[in-house]
**Student:** 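One structure, as structure tokens, below. Some questions next.
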Amino acid sequence: MKNANKYKKTYFLPPSQCLKWASRDYIDTPPIWCSVDLRDGNQALIVPMSLEEKLEFFKFLVKIGFKEIEIGFPAASATEFDFCRALIEKNLIPDDVSVQVLTQAREHIIQRTYEALKGAKNAVVHLYNSTSVAQREQVFKKSKQEITDIAVKGAEIVKKFAADYEGNFKFEYSPESFTGTELDFALDICNAVIDVWKPTPDNKVIINLPGTVQVSMPHVYASQIEYMCQNLKNRENLIVSLHPHNDRGCAVADAELGLLAGADRVEGTLFGNGERTGNVDIVTLALNMYSHGVEPNLDFTNVPEIARFYENLTAMQVGQRHPYCGELVFAAFSGSHQDAIAKGMAWRDEKNLTEWSVPYLPIDPLDVGREYDGDIIRINSQSGKGGIGFLLKSKYGMDLPPKLREMVGYAVKDVSDKLHKELQPDEVYNVFRDEFVNCSSPVKFSEVHYEQVQGKINATITLIVNEKERNLTGEGNGRIDAVSEAIRRSLNLQYNLTNYSQHALEVGSKSKAVSYIEIKTGDGRISWGAGLHTDTNTSAVLALISAINRNYENHI
């Protein structure tokens with residue numbers, strides 16, 4: 001790239017150092033949240049939402065827990081005006097929810113805005129005008145004083161109409177393009193508006209400081225916010241609000257540092273939908289706080305449902321790697337990652353822990369409506385024995401011994417590699433079942449009977465060997481030992497039974513038992529088999545025969 005020298009900084013630092021925010025390491029209190037999905041988000045859509053869609057979206061935002069919702073620019077179109085009236089006339093706004101509307105500092109637009117809000121129980125009238133150097137010089141061609149006069153006149157009109165119309169109104173002012181405005185001028189114009197509105201403890205004013213265009217690194221925005229918080233008039237009766245956009249990909253960082261710097265409120269959208277690169281993503285911002293143990297006061301316990309709703313209403317898409325909400329955001333394909341997660345989950349169970357500290361998972365996926373077996377461990381040719389073992393245990397109840405997990409892992413990865421695709425949980429289970437469970441060729445189990453004689457167990461077992469029925473007998477210290485002796489002697493096989501475990505299934509049919517058996521031949525070859533049956537003894541026999549079939553397939 002060869003034209004970097006044409007870009008110069010267009011932001012302004014405070015006249016004195018403002019770095020108190022840097023001494024705080026996390027946000028300990030959630031901000032006041034204001035959703036602007038129905039205004040900023042809606043105007044960024046290729047096809048804006050219809051009246052019916054906006055009503056549905058509003059109800060959904062209320063369900064999530066938003067107490068302040070910017071619903072539009074009522075003077076901009078008939079749909080925007082009718083939407084505002086529908087909410088009020090149909091009594092769809094809960095008593096504890098405030099609707100917010102945007103207006104320019106022009107009298108006929110302000111009047112039309114109040115006509116839309118007539119009878120509102122709680123409403124915020126959001127006044128704005130542009131203040132940046134670029135806007136003043138290039139668009140409006142006005143001086144600082146002329147821009148201030150616009151803001152002051154608009155504030156006076158907003159205040160006048162509030163007294164003339166039925167409703168409960170609160171005021172908000174935004175110096176649009178704040179991030180490109182000299183800080184002394186931004187302070188002066190905000191203070192001029194504050195002088196008009198005269199906020200009180202019972203009637204606070206919102207001063208919104210938008211990152212209309214993100215032009216600096218997040219720490220600069222934080223210092224700008226801290227400067228404003230320290231110098232605004234009547235600060236105790238103000239609510240300082242943030243409205244970061246995402247031009248530099250730092251909207252969440254801007255909001256977090258802005259809150260550390262003293263802001264009280266955040267305006268944003270679900271999944272960051274907004275003009276150009278978008279607004280601050282409230283889902284990410286809120287769940288970042290949640291990951292630090294702070295209740296965000298928004299209900300994101302089912303992010304898959306929220307994502308589906310959002311995609312249906314906006315025709316936008318939630319990226320697969322979107323923090324917390326993307327389809328793959330909790331997914332681990334890497335074998336080492338899967339192993340660490342599986343061991344971390346086992347550690348939690350073993351220690352009966354309540355605090356969350358599982359490797360690679362910043363929050364518990366269950367808290368946001370995700371599943372362990374389908375969302376965390378995803379299986380492909382890069383996966384490992386730990387992840388495959390975790391999947392088989394969590395979804396199907398199969399608690400494989402470590403050595404068997406390794407063998408199953410190789411088998412599953414081989415299938416994935418040959419098919420060149422991710423394997424779904426059922427496909428993983430099918431590989432395990434087809435290759436290790438109840439294997440019946442060349443030896444097939446038919447029946448077995450036991451008799452105890454002088455402290456020993458005699459077993460009489462009927463097998464189908466290469467499609468011919470064989471009746472075998474053996475003696476041992478236990479039932480599986482007796483069966484093993486019968487097979488070993490009658491089929492002339494040389495092996496030792498080296499590992500045997502069994503458990504009841506905890507998932508699915510609880511009446512079944514699964515057994516795992518390892519055998520080792522005289523020349524050192526290892527073979528594993530698994531048996532699944534409602535009878536525990538039969539389960540063990542099936543596991544032994546499976547291990548024999550897998551080892552001696554071509555030698556019986």
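For the numbers below, each heavy atom of this structure counts, side chains included, while hydrogens, waters and symmetry mates do not. Because the structure is predicted, anything quoted here is derived from the model rather than measured.
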**Student:** Roughly how far, to the nearest 0.5 Å, is the CH2 atom of Trp528 from the CG atom of Leu400?
**Tutor:** 8.5 Å
**Student:** Honestly, is Arg479 close enough over Tyr450, meaning NZ or CZ under 6.0 Å from the six-membered ring centre and within 45° of the axis?
**Tutor:** yes
**Student:** Could you tell me the separation between the CG atom of Asn42 and the CD atom of Glu70, rounded to the nearest 0.5 Å?
**Tutor:** 11.5 Å
**Student:** Is it the case that the side chains of Asn288 and Tyr324 hold a donor-acceptor pair, with the cut-off being a distance below 3.5 Å and no angle test?
**Tutor:** yes
**Student:** Please check this pair: side chain of Asp535 against backbone of Ser539, looking for a donor-acceptor N/O pair closer than 3.5 Å.
**Tutor:** no
**Student:** Is the shortest heavy-atom distance from the side chain of Asp481 to the side chain of Leu497 under 4.5 Å?
**Tutor:** no
**Student:** So, Ser484 and Tyr495: side-chain donor and acceptor under 3.5 Å apart, yes or no?
**Tutor:** yes
**Student:** So, do Thr284 and His322 sit near enough that their side-chain heavy atoms are less than 4.5 Å apart?
**Tutor:** yes
**Student:** Would you say Ser515's side chain and Gln502's backbone share a donor-acceptor pair under 3.5 angstrom?
**Tutor:** no
**Student:** Give me the atom names and distance for the closest heavy-atom approach of Pro442 to Tyr552.
**Tutor:** CG-O, 4.4 Å
**Student:** What heavy-atom pair brings Phe83 and Leu51 nearest, and what distance separates the two atoms?
**Tutor:** CA-CD1, 3.3 Å
**Student:** Got Val514 and His503 here, is their nearest side-chain heavy-atom distance under 4.5 Å?
**Tutor:** yes
**Student:** Would you say OH of Tyr290 has more than 12 non-hydrogen atoms from neighbouring residues, nucleotides or ligands within 6.0 angstrom?
**Tutor:** no
**Student:** For the pair His219 and Trp21, name the ring-plane relationship: parallel under 30°, tilted 30 to 60°, perpendicular over 60°.
**Tutor:** tilted
**Student:** May I ask you to check whether over 12 heavy atoms, not counting those of Trp347, lie within 6.0 Å of atom CH2?
**Tutor:** no
**Student:** Verify side chain to side chain donor-acceptor pair (under 3.5 Å) between Asn496 and Thr498, making sure each step is shown before the conclusion.
**Tutor:** CA-CA 6 Å; Asn496 291 316; Thr498 51; over 6 Å; no
**Student:** For Asp434, which residues count as a salt bridge (Lys or Arg N to Asp or Glu O under 4.0 Å) partner, sequence neighbours excluded?
**Tutor:** none
**Student:** Could you check Thr277 against His245 for side chain to side chain contact (heavy atoms under 4.5 Å, CB included), going step by step and ending with a plain yes or no?
**Tutor:** CA-CA 7 Å; Thr277 56; His245 280 232; 5.7 Å; no
**Student:** Just by distance, do the side chain of Ser527 and the backbone of Ile548 share a donor-acceptor pair under 3.5 Å?
**Tutor:** no
**Student:** Would you mind reporting whether Ile27 and Val294 have side-chain heavy atoms less than 4.5 Å apart?
**Tutor:** no
**Student:** Below 4.0 angstrom, N of the basic side chain to O of the carboxylate: do Asp339 and Lys385 qualify?
**Tutor:** no
**Student:** Under 4.0 Å between a Lys/Arg side-chain N and an Asp/Glu carboxylate O for Glu485 and Lys456?
**Tutor:** no
**Student:** Look at the side chain of Gln214 and the backbone N and O of Gly211, then say whether any donor-acceptor pair between them is shorter than 3.5 Å.
**Tutor:** no
**Student:** Could you go through the side chain to side chain contact (heavy atoms under 4.5 Å, CB included) check for Ile519 and Leu544 one step at a time?
**Tutor:** CA-CA 8 Å; Ile519 62 173; Leu544 174 62; 4.0 Å; yes
**Student:** Is there a donor-acceptor pair closer than 3.5 Å between any side-chain N or O of Arg550 and the backbone N or O of Glu435?
**Tutor:** yes
**Student:** Let's go through Leu366 and Tyr372 carefully: what are the C-alpha distance in whole Å and the side-chain angles of both, what is the deciding distance for side chain to side chain contact (heavy atoms under 4.5 Å, CB included) to 0.1 Å, and is it a yes or a no?
**Tutor:** CA-CA 7 Å; Leu366 293 182; Tyr372 292 150; 3.3 Å; yes
**Student:** Which heavy atom in Gln382 sits nearest to a heavy atom in Asn380, and how many Å separate them?
**Tutor:** N-OD1, 2.8 Å
**Student:** Ring centres under 6.0 Å, that's the criterion: do Phe309 and Phe57 meet it?
**Tutor:** yes
**Student:** Mind checking the CD1-CG spacing from Ile71 to Leu61? Nearest 0.5 Å is all I need.
**Tutor:** 11.5 Å
**Student:** Where do Lys520 and Glu518 land on the salt bridge (Lys or Arg N to Asp or Glu O under 4.0 Å) test, with the steps shown first?
**Tutor:** CA-CA 7 Å; Lys520 185 175 182 180; Glu518 177 193 58; over 6 Å; no
**Student:** Would Met289 and Glu256 satisfy side chain to side chain contact (heavy atoms under 4.5 Å, CB included), going step by step from the backbone distance to the final call?
**Tutor:** CA-CA 9 Å; Met289 295 179 195; Glu256 290 182 328; 5.9 Å; no
**Student:** Can a donor-acceptor pair be found, under 3.5 Å and without considering hydrogens, that links the side chain of Asn430 to the backbone of Asp426?
**Tutor:** yes
**Student:** In this structure, are over 12 heavy atoms from other groups packed under 6.0 Å from Gln317 atom CD?
**Tutor:** no
**Student:** Quick check: do Leu19 and Ser223 have side-chain heavy atoms less than 4.5 Å from each other?
**Tutor:** yes
**Student:** Nearest 0.5 Å, please: how far is OG in Ser291 from CG in Leu361?
**Tutor:** 12.5 Å
**Student:** I need the Leu472 CG to Thr460 OG1 distance, nearest 0.5 Å.
**Tutor:** 9.5 Å
**Student:** Taking only Lys NZ, Arg NE, NH1 and NH2, and the carboxylate oxygens of Asp or Glu, determine whether Glu475 and Arg489 approach each other closer than 4.0 Å.
**Tutor:** no
**Student:** State, with a plain yes or no, whether a side-chain heavy atom of Leu270 is found less than 4.5 Å away from one of Ile64.
**Tutor:** yes
**Student:** So, for Val283 and Cys325, which heavy atoms are closest and what is the spacing to 0.1 Å?
**Tutor:** CG1-SG, 3.4 Å
**Student:** How far apart are the closest heavy atoms of Leu92 and Phe58, and which atoms are they?
**Tutor:** O-CE2, 3.5 Å
**Student:** Give a yes or no answer on whether the side chain of Asn458 reaches the backbone of Thr473 with a donor-acceptor pair at less than 3.5 Å.
**Tutor:** no
**Student:** Are Ile388 and Leu392 side-chain neighbours, meaning at least one heavy-atom pair lies under 4.5 Å?
**Tutor:** yes
**Student:** Please check this pair: side chain of Glu275 against backbone of Gln43, looking for a donor-acceptor N/O pair closer than 3.5 Å.
**Tutor:** no
**Student:** Would you please test Thr462 and Ser446 for side chain to side chain donor-acceptor pair (under 3.5 Å) and show each step?
**Tutor:** CA-CA 5 Å; Thr462 301; Ser446 180; 5.3 Å; no
**Student:** Do any N or O atoms from the side chain of Ser416 and from the backbone of Glu422 form a donor-acceptor pair under 3.5 angstrom?
**Tutor:** no
**Student:** Is the shortest side-chain heavy-atom distance between Val412 and Phe432 below 4.5 Å?
**Tutor:** no
**Student:** In terms of relative ring orientation, are Tyr396 and Tyr429 parallel, tilted or perpendicular, with 30° and 60° separating the classes?
**Tutor:** parallel
**Student:** Over all heavy atoms of both residues, which pair between Ala222 and Ala261 is shortest? Give the atoms and the distance, please.
**Tutor:** O-CB, 3.2 Å
**Student:** Count the heavy atoms belonging to other residues, nucleotides or ligands that lie under 6.0 Å from CD of Glu467, then report whether that count exceeds 12.
**Tutor:** no
**Student:** Salt bridge check: are Arg39 and Glu267 linked by an N-O gap of less than 4.0 Å?
**Tutor:** no
**Student:** Just how far is it from atom CD of Glu447 to atom CG of Leu463, taken to the nearest 0.5 Å?
**Tutor:** 10.0 Å
**Student:** For the backbone of Gly326 and the side chain of Arg321, can you confirm whether one donor and one acceptor N or O come within less than 3.5 Å of each other?
**Tutor:** no
**Student:** I'd like to know whether Lys59 forms a salt bridge (Lys or Arg N to Asp or Glu O under 4.0 Å) with Glu56, so could you lay out the CA-CA distance, the side-chain angles of the two residues, the decisive distance to 0.1 Å, and finally the verdict.
**Tutor:** CA-CA 5 Å; Lys59 293 175 184 176; Glu56 187 177 357; over 6 Å; no
